[in-house]
Asks: 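Just passing along the structure, written as structure tokens.
Small disclaimer: the values here were computed from a predicted structure and weren't measured.
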Amino acid sequence: MPKTKLLTIMLFLTGMVLINSCGEDTTDDNPITPPDVSDTFFKASVGDTWTYEGYEIPNATGEIDNDSRYEFTVTVTGQEKVLNEDSYIYKYEGDGADHSKHFIPDGKVLKGLVSDVMPAELPFDLPIEDAWVTIADLTKNEWQVYTMDFVDLPISFSTVSAIISGNLTIIGELKGESTFSVENTDYKARKIDIKFHITGTGTINGFPIPGGVDAEMLGHFYYGEGSGLLKIEYPSQNIALSAASYPLDGYVENCIKLNVK
């Protein structure tokens, strides 16, 4: 089923002290000058559709599992005022997907609800007040998507129990340009990295976390000018929490069909 929620944050907040990537490193440390794009780079019209083909990336191999294929479609079904902002409704359907999200595509800026950036299901209570956040801003090299402080957050998995206090900050970064072929048509896309960074202190099974908590993870998003989201990629991860290790599968979703006005 489609991985439309950022499930990896759930493991960030377990007080991890080490991240090892098992997939291809697609990050780029070279500075990027904000591109000269049109004022309608991010846009939407009722009736626009995108169909995605997704695959799991098992942690055990770090490679795409061709037998795990799933497919879903996203349709812009209308407009709605949410938190005093006029937004578009994006409905997700197929292979277990049956929900809607709200976005504001506004020229060179794309906004979404923080509730749609954070995972919908968590093994703890994270006191998030819903708000509009900037997912992409093509006028900047880097921008803050969201930040929050938390105190004495209890978390547990397997035989590990942790209590964490600190800060979660989500940063957006403009990266390079890629070309994708969808139904034999080439689309140029801008790569947006979303970096989840958590810092703080805490205890694991009653003992202080050595060196505190300082961890981050990247998600890769590719947007085409006027054509929307063309690819999402999260590599598999090994999350180490003291002596415990939590293998996390990754996934990739590619647009295979689109109809935008």
Side-chain angles (χ1 to χ4, degrees), residues 3-21 25 27-29 31-32 83 101 109-137 139-158 160-175 191-221 232-246 248 250:
K3 307 293 185 181
T4 54
K5 297 178 291 187
L6 306 186
L7 300 176
T8 52
I9 297 180
M10 178 178 69
L11 297 175
F12 271 167
L13 299 180
T14 58
M16 63 185 178
V17 294
L18 176 66
I19 298 180
N20 294 314
S21 175
D25 182 6
T27 61
D28 180 3
D29 293 328
I32 300 295
L83 298 180
K101 295 186 178 184
V109 175
L110 176 66
K111 293 183 179 181
L113 292 171
V114 67
S115 59
D116 287 333
V117 174
M118 302 293 284
E121 298 177 0
L122 292 170
F124 48 79
D125 292 326
L126 194 60
I128 298 174
E129 184 175 350
D130 215 357
W132 289 104
V133 296
T134 298
I135 298 173
D137 187 342
T139 69
K140 301 176 181 178
N141 284 335
E142 183 176 299
W143 60 94
Q144 181 173 285
V145 177
Y146 182 72
T147 186
M148 69 167 293
D149 297 322
F150 53 90
V151 177
D152 293 340
L153 186 68
I155 301 142
S156 63
F157 70 88
S158 184
V160 176
S161 295
I163 298 176
I164 307 296
S165 296
N167 172 266
L168 167 68
T169 297
I170 306 175
I171 298 294
E173 294 182 279
L174 175 64
K175 295 296 183 177
K191 179 183 177 184
I192 302 294
D193 277 359
I194 301 296
K195 178 190 297 183
F196 305 88
H197 190 200
I198 185 170
T199 58
T201 59
T203 60
I204 302 174
N205 293 339
F207 295 94
I209 297 175
V213 179
D214 189 351
E216 65 181 38
M217 180 179 174
L218 287 173
H220 312 298
F221 300 79
I232 304 173
E233 182 180 20
Y234 277 92
S236 58
Q237 302 283 320
N238 283 323
I239 309 302
L241 177 59
S242 187
S245 181
Y246 193 107
L248 176 67

Asks: Among all residues two or more places apart in sequence or in another chain, which pass the side-chain hydrogen bond (donor to acceptor under 3.5 Å, both in side chains) test with N167?
Replies: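 Applying side-chain hydrogen bond (donor to acceptor under 3.5 Å, both in side chains) to N167 gives T147, D149, T169.
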
Asks: Please list, chain by chain and in numerical order, all residues satisfying side-chain hydrogen bond (donor to acceptor under 3.5 Å, both in side chains) with T139, sequence neighbours excluded.
Replies: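 Scan of T139 (side-chain hydrogen bond (donor to acceptor under 3.5 Å, both in side chains), adjacent residues dropped) gives D137.
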
Asks: Is any side-chain heavy atom of I198 closer than 4.5 Å to a side-chain heavy atom of F196?
Replies: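 Not in contact.
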
Asks: Does S165 have any side chain to side chain contact (heavy atoms under 4.5 Å, CB included) partners at least two apart in sequence or in another chain, and if so, which?
Replies: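 Checked S165 against side chain to side chain contact (heavy atoms under 4.5 Å, CB included); matches are V151, D152.
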
Asks: How many angstroms lie between OG1 in T134 and OH in Y146, if you round to the nearest 0.5 Å?
Replies: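 Rounded to the nearest 0.5 Å, the OG1-OH separation comes out at 14.0 Å.
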
Asks: Side-chain contact, heavy-atom cut-off 4.5 Å: E142 with I171?
Replies: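 A side-chain contact under 4.5 Å exists here.
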
Asks: I need the minimum non-hydrogen distance between D193 and H220, along with the two atoms involved.
Replies: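 D193 and H220 have their closest heavy atoms at OD1-ND1, 2.7 Å.
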
Asks: Measure the spacing between NZ of K195 and CD1 of I170 and express it to the nearest 0.5 Å.
Replies: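 Taking NZ in K195 and CD1 in I170, the distance rounds to 13.0 Å.
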
Asks: With rounding to the nearest 0.5 angstrom, report the NZ to CD distance, K140 to E173.
Replies: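 Result: 13.5 Å between the selected atoms.
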
Asks: Please check this pair: side chain of N205 against backbone of S161, looking for a donor-acceptor N/O pair closer than 3.5 Å.
Replies: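 Yes: the side chain of N205 pairs with the backbone of S161.
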
Asks: With sequence neighbours left out, what residues match L113 under side chain to side chain contact (heavy atoms under 4.5 Å, CB included)?
Replies: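 Checked L113 against side chain to side chain contact (heavy atoms under 4.5 Å, CB included); matches are V82, L83, H102, S115, D116, D130, W132.
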
Asks: Might you point out which heavy atoms bring I135 and W143 nearest each other, and give the distance in Å?
Replies: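 Nearest pair, atom of I135 first, then W143: O-CZ2, 3.2 Å.
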
Asks: Indicate yes or no: at least one non-hydrogen side-chain atom of I164 is less than 4.5 angstrom from one of I209.
Replies: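 Contact flag for I164/I209 side chains = yes.
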
